[in-house]
Amino acid sequence: MNYDYDLLVIGAGSGGVRASRMAAARGKKVAVIESRYLGGTCVNVGCVPKKLFVYASEYASHLKEGAGFGVHATLDQFSWPELRDNKTNEIKRLNGIYDNMLKNAGVEIINGTGSIIDPHTVAVSEQKLTAERILIATGGWPFVPKVPGIEFAITSNDVFYLDEFPQRIVIVGGGYIAVEFAGIFNGLGAETTLTYRGEQILRGFDSKVREFAANEIAKKGVRISTGCDIEKIEKQADGSLICAFTNGETIACDAVMYATGRRPMTDGLGLEALGIAMREDGTIITDDHFKTTVDSIYALGDVIGTPALTPVALAQGMTFVAQQFDGDATPTDYNTIATAVFCQPNIATVGLTEEEAACQFGGDVSVFESEFRPMKHTMSGMSERAYMKLLVQTSTDKILGAHMVGVDAGEIMQGLAVAMKAGATKVILDSTIGIHPTAAEEFVTMRTPSRQL
Ligand SMILES: Cc1cc2nc3c(=O)[nH]c(=O)nc-3n(C[C@H](O)[C@H](O)[C@H](O)COP(=O)(O)OP(=O)(O)OC[C@H]3O[C@@H](n4cnc5c(N)ncnc54)[C@H](O)[C@@H]3O)c2cc1C
Ligand SMILES: NC(=O)c1ccc[n+]([C@@H]2O[C@H](COP(=O)([O-])OP(=O)(O)OC[C@H]3O[C@@H](n4cnc5c(N)ncnc54)[C@H](O)[C@@H]3O)[C@@H](O)[C@H]2O)c1
């Protein structure tokens with residue numbers, strides 16, 4: 001059977017771009033269909049613009065900290081339009097780089113929305129394209145609950161393009177996006193409320209990390225309200241919003257941002273008609289080779305419900321190509337994926353939480369902890385503290401988990417993740433000479449366990 005392409009990818013985000021480039025590099029005839037923006041969520045409305053905003057949000061605090069060092073500076077002005085537009089220009093530059101990168105790799109870019117009409121055919125408007133393999137890499141989309149007045153709320157898709165900076169913002173959710181944007185808006189000077197329906201933000205993270213981080217975030221000025229939810233949002237004549245909460249409280253604000261999770265983007269793909277199996281939450285079911293329940297159709301990235309992180313989608317893209325075109329059957333390894341929340345200070349983690357370690361290795365776990373005031377803040381006057389934890393299997397000395405709340409934790413944790421992947425034991429960390437004076441050296445100097453689990 002002759003097809004137009006060896007591989008037709010739907011979605012030019014983190015996973016789709018990587019898979020198409022790698023397949024084209026192996027001499028395959030590849031096209032990628034993209035409906036909105038090259039680079040997908042991460043480049044356009046995710047990791048990249050978010051991190052640029054995080055940088056912006058930290059200057060005011062740096063200026064204050066300088067005083068203790070004799071460096072006196074005041075913040076004259078923060079211009080939201082400048083931040084927003086400079087960010088947008090940077091994203092456009094990256095879109096151009098993606099365009100060149102794909103074309104130079106020999107990947108054909110097709111602008112439009114893809115819809116699968118049979119196991120080897122994708123329709124894009126009037127065009128019908130055939131391929132030996134179809135790869136769905138369509139990512140996710142913000143989920144917002146049904147709440148009266150939800151139409152007045154914004155999501156992470158809108159927040160990067162607001163006409164005006166909200167001086168008062170309510171952020172709903174307790175996950176990555178809510179916590180990161182609470183830090184961004186608070187740092188940029190907005191009166192920020194983070195509201196979460198559960199007891200403690202950052203579900204899934206180590207419980208001490210959650211408590212410590214929530215405390216540090218609150219110390220920075222974010223008002224954290226837990227155990228309640230928004231009942232309704234009303235728009236006032238002056239354009240401001242009033243949020244009514246389930247606990248009877250009301251808050252007036254200029255913007256309400258919902259960061260209540262993401263759903264897989266499968267709208268209009270035609271999956272039901274093809275009989276492609278999905279879970280209840282809409283994520284596509286795949287095997288170790290990213291194959292869906294239809295033989296020639298594959299899926300990877302956020303749309304399959306694996307950890308929704310760019311490096312995971314990238315790794316999957318590379319595994320997919322190795323499996324399909326190099327004859328390498330090795331599946332993607334999801335163990336010890338390091339991750340960071342870019343709040344102030346950062347949270348970063350790799351491996352098991354204390355709760356998971358206790359559950360899996362109870363009676364055989366040593367906990368090493370360190371909590372301290374970072375050296376910088378002994379003179380900056382800030383009360384910020386840092387927390388680090390290592391979980392070690394006592395009988396084997398193997399590192400089970402590493403956690404940090406502190407400046408640059410995201411940068412520090414990557415090295416620990418490599419060590420863990422290499423099977424590092426506590427003895428190896430102990431025999432590693434530290435870099436002084438850094439916070440990171442604490443990870444190689446914690447000698448006495450604080451607890452046994
Ligand atoms: C605010 C925010 C911050 C984030 N920060 C981080 C971070 O700091 N670190 C991190 O690791 N991860 C972060 N993430 C998660 C990360 O962005 C995703 O995990 C990653 O982008 C997933 O890649 P993907 O290839 O699965 O999908 P995506 O990158 O979402 O790409 C999917 C692409 O498919 C296109 N598409 C969808 N349907 C169709 C169709 N029918 N036809 C054609 N094209 C279609 C979309 O337009 C999109 O371009 C963040 C996410 C958000 C929302
Ligand atoms: N730094 C990073 O690596 C980074 C940053 C941002 C996003 N991401 C990825 O993107 C994913 C999506 O981020 P997210 O923050 O939207 O999702 P999330 O799953 O991390 O958090 C969603 C939050 O919304 C709450 N929630 C869900 N439904 C709700 C409802 N009906 N009412 C009130 N609250 C509700 C949940 O309890 C949770 O606290 C993350 O899980 C992560 O994988 C990663």
Side-chain angles (χ1 to χ4, degrees), residues 8-20 32-51 53-54 95 98 110-116 122-124 135-147 150 155-157 159-160 171-181 184 194-205 226 228-230 246 257-271 299-314 316-317 337-343 346-349 410:
L8 199 44
V9 180
I10 310 178
S14 308
V17 166
R18 182 58 62 94
S20 32
V32 63
I33 304 162
E34 172 55 48
S35 57
R36 297 172 76 87
Y37 28 44
L38 291 181
T41 304
C42 178
V43 170
N44 294 278
V45 287
C47 336
V48 175
K50 180 273 307 286
K51 191 78 188 278
F53 280 11
V54 168
N95 294 145
Y98 271 75
I110 298 167
N111 297 310
T113 303
S115 171
I116 310 174
V122 178
V124 184
L135 176 64
I136 303 167
T138 48
W141 199 251
F143 157 80
V144 285
K146 287 193 179 79
V147 172
I150 193 72
T155 68
S156 59
N157 280 352
V159 73
F160 297 107
I171 300 176
V172 187
Y176 282 84
I177 297 179
V179 169
E180 290 182 338
F181 275 90
I184 288 170
L194 177 62
T195 179
Y196 176 55
R197 61 184 177 175
E199 286 309 304
Q200 184 59 280
I201 58 171
L202 293 164
R203 194 158 66 92
F205 284 79
T226 54
C228 66
D229 215 341
I230 292 186
T246 46
M257 176 175 171
Y258 269 76
T260 42
R262 290 171 65 80
R263 64 171 179 88
M265 175 40 97
T266 54
D267 302 357
L269 275 178
L271 305 188
L300 53 73
D302 284 8
V303 80
I304 65 166
T306 41
L309 299 168
T310 277
V312 171
L314 298 177
Q316 292 175 334
I337 298 171
T339 172
V341 185
F342 297 101
C343 49
N346 282 185
I347 300 164
T349 181

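Every number for a ligand or one of its atoms is a count from 1 in the order of the listing. These values consider heavy atoms only, across backbone and side chains, with no hydrogens, waters or symmetry-generated copies.
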In the protein, which heavy atom is nearest to [atom], and how far is it?
atom	value
atom 39 (O) of ligand 2	G174 N, 3.0 Å
atom 27 (O) of ligand 1	G139 CA, 3.2 Å
atom 18 (P) of ligand 2	G175 CA, 4.1 Å
atom 44 (C) of ligand 2	Y176 CD2, 3.5 Å
atom 15 (C) of ligand 1	A308 O, 3.5 Å
atom 38 (N) of ligand 1	T138 CG2, 3.3 Å
atom 30 (C) of ligand 2	R197 NH1, 3.4 Å
atom 25 (O) of ligand 1	G15 N, 2.8 Å
atom 9 (C) of ligand 2	A308 O, 3.1 Å
atom 4 (C) of ligand 1	C47 N, 3.5 Å
atom 19 (O) of ligand 2	G261 CA, 4.3 Å
atom 31 (N) of ligand 2	P145 CB, 3.4 Å
atom 3 (O) of ligand 2	L309 CD2, 3.3 Å

Can you find an N/O atom of [X] closer than 3.5 Å to an N/O atom of ligand 1?
X	result
R262	no
S14	yes
D267	no
V45	no
G114	yes
L300	no
T41	yes
I177	no
K50	yes

Closest candidate by heavy atom, reference [atom], pool [options]:
atom	options	value
atom 12 (C) of ligand 2	K51, Q200, R262	R262
atom 26 (O) of ligand 1	D302, N111, V341	D302
atom 32 (C) of ligand 1	A12, G112, G40, A137	A137
atom 40 (C) of ligand 1	I10, V9, T310	I10
atom 46 (C) of ligand 1	R36, R18, E34	E34
atom 23 (C) of ligand 2	A348, A338, A259, G140	A259

Residue among I110, T113, L8 satisfying side-chain contact (heavy atoms from CB on, under 4.5 Å) with V124: I110
To the nearest 0.5 Å, tell me how far [X] [atom1] sits from [Y] [atom2].
X	Y	atom1	atom2	value
D267	S115	CG	OG	11.0 Å
R36	T138	CZ	OG1	12.5 Å
I150	T260	CD1	OG1	7.0 Å
R262	T155	CZ	OG1	8.5 Å
T41	D302	OG1	CG	6.5 Å
I136	L269	CD1	CG	5.5 Å

Any chance the rings of Y37 and Y98 have centres within less than 6.0 Å? no
Does ligand 1 have any atom sitting under 4.0 Å from a heavy atom of T113? yes
With a cutoff of 4.0 Å, is Y176 in contact with ligand 1, counting heavy atoms of the residue only?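 Checking ligand 1 against Y176, which is what was asked, there is no heavy-atom contact under 4.0 Å.
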Under 4.5 Å between any side-chain heavy atoms of [X] and [Y], yes or no?
X	Y	result
D229	T195	no
V17	L38	no
S156	V45	no

Below 4.0 Å from any atom of ligand 2, is there a heavy atom belonging to R203? no
Using a 4.0 Å cutoff against the non-hydrogen atoms of [X], which atoms of ligand 1 qualify?
X	answer
M265	37 (C), 38 (N)
L269	41 (N)
G301	26 (O)
S35	36 (N), 39 (C), 43 (C), 44 (N), 45 (C), 47 (O)
C42	17 (O), 21 (O)
P311	11 (O)
Y37	47 (O), 49 (O)
G11	33 (C), 34 (O), 35 (C), 44 (N)

Is there a nitrogen or oxygen of [X] sitting under 3.5 Å from a nitrogen or oxygen of ligand 2?
X	result
E180	yes
A340	yes
I177	yes

Less than 3.5 Å apart, which donor and acceptor atoms pair up between the side chains of residues 196-205 and the rest of the protein, not counting sequence neighbours?
none

From CA spacing to verdict: side-chain contact (heavy atoms from CB on, under 4.5 Å), I177, K50: CA-CA 9 Å; I177 297 179; K50 180 273 307 286; over 6 Å; no
If the cut-off is 4.0 Å to any non-hydrogen atom of F342, which atoms of ligand 2 fall inside it?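 Per the distance check, 1 (N).
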Could you list which atoms of ligand 2 come closer than 4.0 Å to a heavy atom of K50?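 Those atoms are 1 (N), 5 (C).
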Mind telling me whether F160 and F181 have parallel, tilted or perpendicular rings, with 30° and 60° as the class edges?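 F181 vs F160 ring planes: perpendicular.
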Contacts of type side-chain hydrogen bond (donor to acceptor under 3.5 Å, both in side chains), residue N95, not counting sequence neighbours: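 N95 satisfies side-chain hydrogen bond (donor to acceptor under 3.5 Å, both in side chains) with N44 once adjacent residues are dropped.
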